[in-house]
K.L.:
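Before anything else, here's the structure in question.
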Amino acid sequence: MMAALLRRTGQTVLVLFGVSVLVFGVFFATPGADPTARIAGRNAAPQVMEKVRHEYGFDRPLPVQYAIMMKKLFITRDLASYTNRGQAVVPEIMRAAPVTASLVCGAAVLWVTVSIFMGTLAAAMKDTWVDRGLMMLGLVGISIPVFWLGQVANLVTQSRYHDTWLFSWVPGLGYVPFAQDPLGWFRALVIPWVVLAVMFIGIYSRVLRHDLVALAGEDFMRTARAKGLSPMRVLLRHGLRTSMVTFVSLFGLDFAQLAGGGALLTEVVFGLPGVGRLTYRALTMLDLPVIMATVMYSAIFVVLANAVVDVVYLFLDPRVRDAR
Amino acid sequence: MTLTPLLELRDLRKTYRLPRGRVLRAVDGLSLRVLPGETLGLVGESGCGKSTLGRCMLRLADPSSGQILFEGRDITTLPERRLRALRPRMQMVFQDSSAALNPRRRIGDLLAEPLRVHPAPDGRRRPASVIAARLSELMDLVGLPVQALERYPHEFSGGQRQRINIARALALTPRLVVADEPVSALDVSVQAQIVNLFADLRRELGLTYVFIAHDLAVVRQISSRVAVMYLGAIVELGETDGVLHHPAHPYTTALTAAVPRAVVGHPHAPVLRGDAPSPTAPRTGCRFHARCPQAQARCAQEEPALHTLRPGHAVACHFPLPPGP
Amino acid sequence: MPADPPLLAVRDLCVSFPARGRMVPIVEHVSLDLHAGEIVGLVGESGSGKSVTAMALMGLIDSPGVRVTGSALFRGRELVGMPQRQLRRLRGRDIAMIFQDPMTAFTPVYTIGWQIDEQIRAHEKLSRHAARARTVKLLADMGVPDPAHMAQRYPHQLSGGLRQRAMIAMALSCSPALLIADEPTTALDVTVQAQILELLRRLRGTHGASILLITHDMGVVAQTCARTLVLYSGRMAETGPTEAVFDRPGHPYTAALLDAIPPLYGPRPDRLPAIDGIPPQPADRPAGCAFAPRCGHAHETCLPAPPPPVPIGPGQQAACVLPAEGTPLPPRGPMTECTA
């Protein structure tokens, strides 16, 4: 078990190294684009250019440049944005991270509970109108674009019906830190949570239902029924528990990519200053250091989440435990 | 035994490295000769390495050490390119007749493929007319109507699909056919048809078979000699009825006694307790001693070699059983 | 024959599934009696409907549109049409089932012990501790070494033989009156199969279990079952005491099936007497005898309708027209295969 964990950690480090090299290569070592000019800004004085070139080591071989970049990103953390001259990138991400985490965690709790409920109910009532209705609802959820849903939600709760009793509690767009005002935090996020969760509820409930229905044909489900267990117990303790293996792997990756900045559209629509919005801004302004940092941040999340999923696997599936 | 063996294995080993430093010795220092025209039955329980051995024989799996001689020529390390020239002469038939056939292709296409890929013996490509003639000849050989060539694998029953597999193996007129559990997925009534087909083809085409199966009765029906495998090695080898009716190795005795025979009578209590040990477990002495009812002190320390007991009958046991009445 | 009513009395059991807009009969008019303490073999090739029969008895077929008719009296209670709630109380407690592949028949994410405990606690008010104690005892009874430790292992960590022993322990955990064993040894090696068959034979004495043994292997039947029912293409071909069925088969299919088995002892035939062709698909079953297209004795009287089972000996019946026409099959003899 210990050895498995260690090996996994080693792999994680290796993957992160690979991703960082790749990202560095794309943004800084692409031939034809002088990174010095980009960092220093347009029409910079030759002295400034020289200073930047020296600071980032652009006059030295690529491996050194890479090392300096990593040092600036992870150790000295003084990598600076070049559109927002002097603004250090890393602290900015650190400020944005809790916002994204709040958004994504809340949405995840919502989509996991609701989709497990919907998927299991649909599987239990297979081929009835309940099943068909729920799955249709899921399909609708998948088909609605998140930015459209967000805008509609804003339209309804912020302007059109804001003054009715139903939505008067909804605060204006933006984020309220949890430490400052927990209730305000909740109020500010509850609609973004729902909006972000809708598509995932659709996907997850459909996947889960499909999984459970497929499992129903398995030998062990037949054994469970032959033991005289109630259909509920067969479905939950034997079916659902077994299909959690698939569910978790799906969840791990989705959660990671959202936490790493993938909830960009939701953040932009609701004016939440998270990692996604940061990435969005950097992309529109071609702010290379910020792009570099956010991509790395996202990669770290995905790789770490992958590692976590693998570890969770060890607990969920005894066969995996022994295969290692 | 002055005949040149068609296939000879010398101290063949195939090991697999597993996680946690375990080593699976699937084939564990095995020597064997297959003479032209004979049918050698290879029996043993699951995990004894008989399928791995079958694959190694045809270089479908690469052995870890040892030698494979085909038609007297060492093919152990022959590069794949040169091996391809030999492939027409050695073919394999597998158990799962449906998995071995691409479901999206017509039987005619499936059977024509080896004929298109491999050049004719004169080194030239076979013209379409020759291939077509060969295909109908093959259908006739395995007892299927020519119309079957136009159909897809799923349109056939298990027994018919196995006929198709056999036809494919025979397309290039091989000398050696290694059949790995070719009838064990089939029902008894169909199994008998396929066993008969194997026997007929051997007579008509002068084939040499290595017939791998776990069913002793099926192996007895088809084989002239039998090799009994246990944990990667041959424990007993000889003329079929000699081995099966007068076994000298306690494992062979247990195996024959355990076969539920379709004869009503008083069943015998099983001879062996427990399951075969894992082929990854380290072992000393005779590989069978832990389960052997006749094991003695010597068996735990010293591994018995396969030695000739009487003409045409070899056994790897320190205390071989006397021939029965 | 025992005078007391049978434990299980099946009469005219039919199971049909809807396919392409019509009902396709998979099992047709199967009847059998199983008395307490008896092992009865239900034998047939793949597609003969033997597993479907068992699943129908257990009420485990839940395909939409399936139709089960006929009667199956278990201790005088009708199983066909019994509400699921009542069936559930019967399943696992009064009628238990073991399956072919013990690897896939256990839920992979729970320990063996957990799964046996679960069955005990589903039917009896018992503490976790007491349930586990019984589980360990059952495993020990089934010849599982170090049962307390084995109970804590996961299905994939056990060998095939141990898994099947655990499966049997689970089936017996509530002392059922009837055990339905569906190909219990097919996935096992022959030496392990011999052990499991011995265990099943022994259960009659130790646990008073009656067993309906479903298998394709005539050898397994000969070694285990007092009486045998041979199914062909969803219909009964023959039924009777195993010895009579093997020695004096009344149905050409039974005789041909026995002849097609290669002998391990005695003279080796040049060619096996194989049965030509394959069994018909349920949807294309002939109007008459289902075996007629492959039968050497087939003639006009076989074709209009399936021949009804007729008595041909003490407790023996064959669904064939030959005995009634005065031309029964010759006996195969008590020992066509001489011992070594």
Side-chain angles (χ1 to χ4, degrees), chain B residues 43-48 156-160 185-197 199-200 214-222 240-241 244-247 251 254-278 291 324-325, chain C residues 44-48 143 145 159-162 185 188-198 201 216-224 241-247 253 256-265 268-279 294 334-337 339-340:
Chain B
V43 298
E45 298 182 283
S46 54
C48 73
F156 296 90
S157 68
Q160 289 170 324
L186 305 174
D187 279 316
V188 174
S189 70
V190 179
Q191 172 179 298
Q193 298 169 10
I194 302 297
V195 170
N196 285 341
L197 176 63
D200 295 345
H214 68 277
D215 187 328
L216 294 187
V218 166
V219 167
R220 175 188 184 233
Q221 177 64 28
I222 190 97
T240 303
D241 280 358
L244 296 181
H245 296 171
H246 309 290
Y251 177 64
L255 206 57
T256 52
V259 175
R261 295 169 50 210
V263 176
V264 182
H266 296 292
H268 300 285
V271 180
L272 291 187
R273 302 273 146 207
D275 301 82
S278 157
R291 289 176 90 197
Chain C
E45 299 181 279
S46 49
S48 63
S159 67
L162 283 182
T185 58
L188 304 177
D189 274 323
V190 64
T191 58
V192 181
Q193 165 171 281
Q195 298 167 25
I196 297 293
L197 288 181
E198 193 200 33
R201 280 194 298 264
H216 70 281
D217 190 329
M218 293 303 259
V220 168
V221 172
Q223 302 293 299
T224 326
T242 306
E243 198 167 348
V245 170
F246 277 63
D247 294 346
Y253 173 63
L257 194 60
L258 288 166
D259 287 339
I261 304 170
L264 187 54
Y265 296 98
R268 187 156 54 161
D270 198 32
R271 285 173 65 81
L272 287 170
I275 313 176
D276 282 338
I278 53 167
R294 303 174 77 189
M335 280 287 188
T336 46
E337 196 186 276
T339 33

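Residue numbering restarts at 1 for every chain, and letters A, B, ... go by the order of the sequence lines.
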K.L.:
Show your working on side chain to side chain contact (heavy atoms under 4.5 Å, CB included) between B:H246 and B:D241 and close with a plain yes or no.
P.N.:
CA-CA 7 Å; B:H246 309 290; B:D241 280 358; over 6 Å; no
K.L.:
Using a 4.5 Å cut-off on heavy atoms from C-beta on, say whether the side chain of B:L244 contacts that of C:Y265.
P.N.:
no
K.L.:
Take B:H214 and C:V190, measure what side chain to side chain contact (heavy atoms under 4.5 Å, CB included) needs, and give me the verdict at the end.
P.N.:
CA-CA 8 Å; B:H214 68 277; C:V190 64; over 6 Å; no
K.L.:
Given that the side chain runs from C-beta out, which part of C:D270 has a heavy atom under 4.5 Å from chain B: side chain, backbone, both or neither?
P.N.:
both
K.L.:
Between C:R294, C:R271, C:M218, who has the most heavy-atom pairs with chain B when the cutoff is under 4.5 Å?
P.N.:
C:R271
K.L.:
Measuring heavy-atom distances to chain C, does B:S278 have an atom under 4.5 Å in its side chain, in its backbone, in both, or in neither?
P.N.:
neither
K.L.:
For the candidates C:A194, C:P273, C:A256, which exhibits the highest count of non-hydrogen atom pairs separated by less than 4.5 Å from chain B?
P.N.:
C:A194
K.L.:
Can you tell which of C:S159, C:P145, C:G143 has the highest number of heavy-atom pairs within less than 4.5 Å of chain B?
P.N.:
C:S159
K.L.:
In terms of heavy-atom pairs under 4.5 Å with chain B, which of C:T191, C:T185, C:V220, C:I275 leads?
P.N.:
C:T191
K.L.:
For chain B, which candidate among C:A274, C:G47, C:G161, C:P279 shows the most heavy-atom pairs at distances under 4.5 Å?
P.N.:
C:A274
K.L.:
Against chain B, label C:P269 side chain, backbone, both or neither, depending on which of its atoms sit under 4.5 Å from a heavy atom there.
P.N.:
both
K.L.:
Using a cut-off of under 4.5 Å on heavy-atom pairs, state which of B:V195, B:D200, B:L216, B:V190 scores highest against chain C.
P.N.:
B:D200
K.L.:
What I'd like to find out is whether the side chain of B:L255 reaches to under 4.5 Å of the side chain of B:E45, using heavy atoms alone.
P.N.:
yes
K.L.:
Evaluate the side-chain proximity of B:R220 to C:P262: yes if any heavy-atom separation is below 4.5 Å, no if none is.
P.N.:
no
K.L.:
For residues C:Q193 and B:P260, determine if any side-chain heavy atom of one lies less than 4.5 Å from a side-chain heavy atom of the other.
P.N.:
yes
K.L.:
Could you report the tightest heavy-atom contact between B:G159 and B:L186, atom names first, then the distance?
P.N.:
N-CD2, 3.7 Å
K.L.:
Quick one: what part of C:L257 sits under 4.5 Å from any heavy atom of chain B, side chain, backbone, both or neither?
P.N.:
both
